[in-house]
Amino acid sequence: TTLIRALKPNEVYETIRARICRLWTNNDLSTGRLISLDCVLVDEEEYFLPDTIFYYPHLIPNIINKITIPHLYLQHEAIQGSIRARDSDTIYQKIQLGNIYDISNFFVTENEPTNKVVPHIAMLQFVRATVFAPVTEEAPPIPYHRFYFIEFDQLQHKIQSTEILS
């Protein structure tokens with residue numbers, strides 16, 4: 001089984017094990033026509049973020065404005081998966097939000113340069129032949145969500161950007 005962090009565009013991988021933590025439809029805004037069914041997958045690998053800086057200007061104004069906490073938060077890697085409209089009904093019947101699957105027969109492509117939902121360099125393309133085998137044994141501790149926190153002073157830039165949407 002390959003970990004999400006190791007996935008690279010245009011490479012071939014046999015299987016990944018991941019939880020589907022978000023699932024949504026992508027529709028054309030003008031016609032309402034389904035373009036794709038998309039999801040965010042999270043795996044079991046934990047890693048520490050580098051030193052994390054938290055800003056607390058309200059605690060003691062003008063005296064303490066930031067606190068650096070080394071290696072405080074464990075994170076899990078996430079990747080976006082996409083299913084074209086023509087395959088979405090078939091695949092939607094195979095999957096359920098929140099479940100963990102061993103997934104095989106998928107393509108790894110480059111993530112879109114804009115409108116990403118996660119910052120991974122790759123994204124997964126699922127087709128009718130993609131196998132979603134439910135994990136029935138004791139499931140690894142895979143979280144139901146993955147968040148990408150940013151510094152407070154980066155919020156304004158984030159609002160104006162279409163690079164990463166989450």
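Computed from a predicted structure; not experimentally measured.
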Problem - Partner residues of F132 under the ring pair (Phe, Tyr, Trp, His ring centres under 6.0 Å) criterion, sequence neighbours left out - result: Y101, F126

Practice task
Consider only side-chain heavy atoms of I, L, V, M, F, W and Y, link residues closer than 4.5 Å, and tell whether W24 and V118 are in one cluster.
Solution key: yes

Handout entry: Cluster overlap M123 with V127, hydrophobic side-chain contacts below 4.5 Å
Key = no

Handout entry: Close side-chain approach of I20 and L41, heavy atoms under 4.5 Å
Key = yes

Handout entry: Within-4.5 Å side-chain heavy-atom neighbours: L124 and I16
Key = yes

As an exercise, state the distance from [atom1] of [X] to [atom2] of [Y], rounded to the nearest 0.5 Å.
| X | Y | atom1 | atom2 | result |
| --- | --- | --- | --- | --- |
| I79 | C39 | CD1 | SG | 9.5 Å |
| I4 | Q80 | CD1 | CD | 12.0 Å |
| R84 | L37 | CZ | CG | 13.5 Å |
| K8 | T109 | NZ | OG1 | 15.0 Å |
| T130 | I83 | OG1 | CD1 | 8.0 Å |

Looking at residues at least two apart in the chain, or sitting in another chain, which of them share a side chain to side chain contact (heavy atoms under 4.5 Å, CB included) with [X]?
| X | value |
| --- | --- |
| T31 | D28, R33 |
| L3 | D43, E45 |
| T90 | K94, R128 |
| N26 | I35, S36, D38 |

Exercise for the section: State which residues pass salt bridge (charged side-chain N to carboxylate O under 4.0 Å, His left out) with D102; sequence neighbours excluded, sorted by chain then number. Expected result: R17

Problem - Atom CZ of F107 with >12 non-hydrogen neighbours under 6.0 angstrom - result: no

Problem - Atom CD of E110: over 12 foreign heavy atoms under 6.0 Å - result: no

Handout entry: Main-chain N/O of V108 paired with Y13 side-chain donor or acceptor, under 3.5 Å
Key = no

Handout entry: Heavy-atom pair of closest approach, residues V40 and A78
Key = CG1-CB, 3.9 Å

Exercise for the section: Measure across A122 and L7 and return the closest heavy-atom pair with its distance rounded to 0.1 Å. Expected result: CB-O, 4.1 Å

